[in-house]
A.B. asks: 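Below you'll find the structure I mean.
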Amino acid sequence: MIIKPDYNLKCVYDINLDELKNQGIKVIMFDLDSTIMISKSGCYRPETEEWLNEVKDKFTVAVISNNKSEEYIGKVQALSDFTVIGHASKPNPKKMKQYLNSLGIKPNEAVMVGDRPLTDIVAGKLLGCKTILVDSINAENENRPTRFVRWLERRVIR
Ligand SMILES: [Mg+2]
């Protein structure tokens, strides 16, 4: 099925970086909101920043977000020493494809990590890269409607 991710993990910190490295992965693309940053918070948690530093030692890192606000994306870019791309229109993989092309990287050398099956994971599948679905970085504090939508979306991938 097109929405089944290669890995389904509790959170980004569970990603086995050495395993990805051994599989020939060179680039890790992350969704932003709820994946590596609490939705609309505009800042990284210190532990996330620390973890991202470890990721950056081993891989080229980028953020691919559907957020359309140039101001918000600009703010996140200012906090990040890696590429932050907004207005990505996932599940359309076009921006991801353009980004990988700019690096001379093939889709099978990249992975897409996100919290939403219908946008992040489908985009990765359409692009032909590996995909990692993670639970929301802030799952314990989300409201009921949000948790319901997540539950519903995850039913599709089982
Ligand atoms: Mg997200």
Side-chain angles (χ1 to χ4, degrees), residues 1-17 20 25 27-52 54-56 59-100 107 110-158:
M1 188 198 273
I2 191 171
I3 319 183
K4 191 143 177 73
D6 294 293
Y7 300 92
N8 192 344
L9 305 174
K10 202 88 201 127
C11 72
V12 285
Y13 311 128
D14 290 340
I15 296 172
N16 188 330
L17 299 174
L20 293 180
I25 298 298
V27 175
I28 304 187
M29 296 178 283
F30 291 100
D31 166 56
L32 181 64
D33 280 330
S34 300
T35 297
I36 55 170
M37 192 179 270
I38 293 175
S39 188
K40 298 179 183 71
S41 69
C43 63
Y44 297 104
R45 281 173 165 172
E47 63 265 35
T48 310
E49 244 173 331
E50 207 169 293
W51 180 78
L52 282 171
E54 193 189 324
V55 181
K56 284 182 297 187
F59 302 90
T60 301
V61 169
V63 158
I64 312 281
S65 171
N66 275 2
N67 196 306
K68 290 178 184 167
S69 162
E70 275 179 38
E71 194 192 336
Y72 186 77
I73 293 297
K75 191 176 161 193
V76 174
Q77 179 66 83
L79 297 172
S80 315
D81 53 358
F82 44 80
T83 304
V84 177
I85 294 169
H87 211 329
S89 309
K90 293 169 288 183
N92 185 335
K94 198 174 127 193
K95 289 253 176 123
M96 290 153 68
K97 194 173 187 161
Q98 280 171 354
Y99 170 69
L100 293 184
V111 58
M112 178 66 206
V113 182
D115 67 301
R116 300 292 302 271
L118 299 181
T119 53
D120 305 319
I121 303 306
V122 172
K125 292 281 176 187
L126 292 172
L127 179 66
C129 70
K130 255 192 180 47
T131 52
I132 300 177
L133 179 69
V134 291
D135 284 352
S136 167
I137 197 164
N138 195 34
E140 67 277 11
N141 295 319
E142 285 181 337
N143 59 24
R144 280 180 70 94
T146 303
R147 292 207 309 265
F148 177 70
V149 170
R150 288 187 184 283
W151 174 81
L152 210 58
E153 251 190 349
R154 274 161 173 72
R155 304 260 308 180
V156 183
I157 64 164
R158 289 182 209 285

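The shown structure was predicted, so the numbers you read here are calculated from the model rather than taken from an experiment. One-based numbering, in listed order, for ligands and for the atoms of each.
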A.B. asks: Give me the one residue out of Ile28, Val113, Ile36, Ile15 that meets side-chain contact (heavy atoms from CB on, under 4.5 Å) with Val55.
C.D. replies: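 Considering Ile28, Val113, Ile36, Ile15, a side-chain contact (heavy atoms from CB on, under 4.5 Å) with Val55 is found only for Ile28.
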A.B. asks: More than 12 foreign heavy atoms under 6.0 Å from NZ of Lys56: is that the case here?
C.D. replies: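 Enclosed: over 12 neighbouring heavy atoms sit under 6.0 Å from NZ of Lys56.
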A.B. asks: Does a sphere of radius 6.0 Å around CD in Glu70 hold more than 12 heavy atoms from other residues, nucleotides or ligands, not counting ones at 6.0 Å or beyond?
C.D. replies: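 No, not enclosed.
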A.B. asks: Listing by chain and number, which protein N, O or S atoms are under 2.8 Å from the Mg ion (ligand 1)?
C.D. replies: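 Listed by chain and number, the nearby protein N, O or S atoms are Asp31 OD2, Asp33 O, Asp115 OD1.
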A.B. asks: Check step by step if salt bridge (charged side-chain N to carboxylate O under 4.0 Å, His left out) holds for Lys130 and Asp6.
C.D. replies: CA-CA 6 Å; Lys130 255 192 180 47; Asp6 294 293; 5.3 Å; no
A.B. asks: Do Tyr72 and Ser65 pair up side chain to side chain, a donor and an acceptor below 3.5 Å, judged on atom types alone?
C.D. replies: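 No, no side-chain donor-acceptor contact under 3.5 Å.
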A.B. asks: Quick one: list whatever passes salt bridge (charged side-chain N to carboxylate O under 4.0 Å, His left out) with Asp135, sequence neighbours left out.
C.D. replies: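 Listed in chain order: Lys10, Arg154.
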